[in-house]
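Encoded as structure tokens, the structure appears first; notes follow it.
Every chain is numbered from 1, with letters handed out A, B, ... down the list of sequences. This is a predicted model, so every value here is computed, not measured.
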Protein chains: 2
Amino acid sequence: MTDTPFQLRPIGRVESPLLDRGAAPRQGDEGAPPAWLVFDASVTEGLRDLREGADVLVLTWLDRADRTVLAVHPRGDADRPVTGVFATRSPDRPNPIGLHRVTIETVEDGGLRMRVRDLEALDGTPVLDVKPVLGATDER
Amino acid sequence: MTDTPFQLRPIGRVESPLLDRGAAPRQGDEGAPPAWLVFDASVTEGLRDLREGADVLVLTWLDRADRTVLAVHPRGDADRPVTGVFATRSPDRPNPIGLHRVTIETVEDGGLRMRVRDLEALDGTPVLDVKPVLGATDER
């Protein structure tokens, strides 16, 4: 496989009942429904140590974002002053990478399907990466 | 500006005395030297609310990583069992996006240069995004 510089390659997709931005909570711990991460079989080996109960960071590509936006009303609230996007969690930003802290609830299909709690990403959102939450420095 | 799907556009670069992976600490809070984030003038508006003293998450593109790697010895320690990369913070992974929690120490040049503490990225590493650290839900 060849990759050009700065070219992302999705490793999976989100399956979620959230179908549009209007229905999604602002953050995953503000009422997101259970969702699934469905991974491509080509990354099976990378997934093998992700366990039920683990808290992980999921990175996604927010493919419905507007990449030309540099300032927003935070949380879409017109009463809040316009703020540069890098001081907000707006999905609209030059590189719309979503960062989600979730808990793995179940692992199925040899690791290729994981049900997670607290994921506010929309159905079909491409998954880019999964990382462990770092503990204290003496536990790494 | 046009972007093809999944194509990242760097918004800046890291300036650091760290020149190669052998010299870099494993995580930023394990002895990283002060470094600078140097941003492209095209994103000035997005940066305007980032202040000295703020803790932020910096996303980078780890351009010297090996994207074909799916399992590693954690922290390069051969005594630790081989582990799937999605359960590690290895830079080698299919989409080598670095995630760094740093503190902004100084802001110069109208926001385009920021000195940060605890950034272990190598000199020249492309910067993709900056996000605020989320506080408790009632402070958002």
Side-chain angles (χ1 to χ4, degrees), chain A residues 1 3-11 26-27 29-30 39-40 42-51 54 56-59 61 63 67-72 74-75 81-90 93-99 101 111 126-132 134 137 140, chain B residues 1 3-11 26-27 29-30 39-40 42-51 54 56-59 61 63 67-72 74-75 81-90 93-99 101 111 126-132 134 137 140:
Chain A
M1 170 187 335
D3 291 295
T4 56
F6 304 111
Q7 182 73 42
L8 297 164
R9 179 168 66 86
I11 62 169
R26 296 289 167 184
Q27 297 297 332
D29 57 358
E30 297 176 24
F39 294 97
D40 191 278
S42 67
V43 298
T44 301
E45 186 186 8
L47 298 164
R48 65 184 199 184
D49 295 291
L50 295 176
R51 308 268 186 245
V56 295
L57 301 171
V58 177
L59 278 65
W61 184 247
D63 54 349
R67 301 183 66 178
T68 67
V69 170
L70 289 171
V72 295
R75 299 171 63 86
V82 171
T83 305
V85 289
F86 301 121
T88 81
R89 288 292 186 108
S90 170
R93 53 207 308 122
N95 293 299
I97 299 169
L99 176 63
R101 182 173 173 153
V127 175
L128 302 176
D129 198 11
V130 180
K131 298 181 190 291
L134 288 179
T137 52
R140 291 176 188 170
Chain B
M1 175 184 333
D3 291 293
T4 56
F6 303 110
Q7 182 73 41
L8 297 164
R9 179 168 65 87
I11 62 170
R26 296 286 167 185
Q27 296 298 332
D29 57 359
E30 297 177 24
F39 293 98
D40 192 279
S42 66
V43 298
T44 302
E45 186 186 8
L47 299 164
R48 65 184 199 184
D49 295 291
L50 294 177
R51 308 269 186 243
V56 295
L57 300 172
V58 177
L59 278 65
W61 184 247
D63 55 350
R67 301 182 67 178
T68 67
V69 171
L70 288 173
V72 296
R75 299 171 65 86
V82 170
T83 305
V85 291
F86 302 122
T88 80
R89 289 292 186 107
S90 170
R93 54 206 308 123
N95 292 299
I97 298 169
L99 177 63
R101 182 172 173 153
V127 175
L128 302 177
D129 199 11
V130 180
K131 297 182 190 292
L134 288 179
T137 51
R140 291 175 187 169

Completion exercise
If one checks every heavy atom of B/Leu128 against chain A at 4.5 Å, the contacting part turns out to be both

Problem - Exercise: identify the closest heavy-atom pair between B/Thr83 and A/Asp49 - result: CA-OD2, 3.3 Å

Problem - Inter-residue atom distance A/Arg89.CZ - B/Leu57.CG, 0.5 Å rounding - result: 5.5 Å

Fill in the blank from the handout: Applying a strict 4.5 Å limit to non-hydrogen atoms, the region of A/Thr88 in contact with chain B is backbone

Practice task
Evaluate the ring planes of A/Phe6 and B/Trp61, with Trp represented by its six-membered ring, and classify them as parallel (under 30°), tilted (30 to 60°) or perpendicular (over 60°).
Solution key: tilted

Handout entry: Nearest atoms (heavy-atom pairs only) where B/Leu8 meets A/Asn95
Key = CA-OD1, 3.5 Å

Handout entry: Residue A/Leu59 versus chain B: region with a heavy atom under 4.5 Å
Key = side chain

Exercise for the section: Please flag which part of A/Pro96 lies under 4.5 Å from any non-hydrogen atom of chain B: side chain, backbone, both or neither. Expected result: neither

Fill in the blank from the handout: When every non-hydrogen atom of B/Arg48 is compared with those of A/Gly84, the smallest separation belongs to NE-N, 4.0 Å

Exercise for the section: Side chain from CB out, backbone as N, CA, C, O: work out which of these in A/Val82 comes under 4.5 Å of a heavy atom of chain B, or both, or neither. Expected result: both

Practice task
Side chain from CB out, backbone as N, CA, C, O: work out which of these in A/Val43 comes under 4.5 Å of a heavy atom of chain B, or both, or neither.
Solution key: both

Practice task
Under 4.5 Å heavy-atom distance to chain A, tell me which part of B/Pro74 shows up: side chain, backbone, both or neither.
Solution key: neither

Problem - Minimal non-hydrogen separation, A/Ser42 against B/Leu70, with atom names - result: O-CD1, 3.4 Å

Exercise for the section: Please name all residues satisfying side-chain hydrogen bond (donor to acceptor under 3.5 Å, both in side chains) with B/Asp129, sequence neighbours left out, ordered by chain then number. Expected result: A/Arg93, B/Lys131

Practice task
Could you tell me which non-hydrogen atom of B/Arg67 sits nearest to which non-hydrogen atom of A/Arg9, and how far apart they are?
Solution key: NH2-N, 3.9 Å

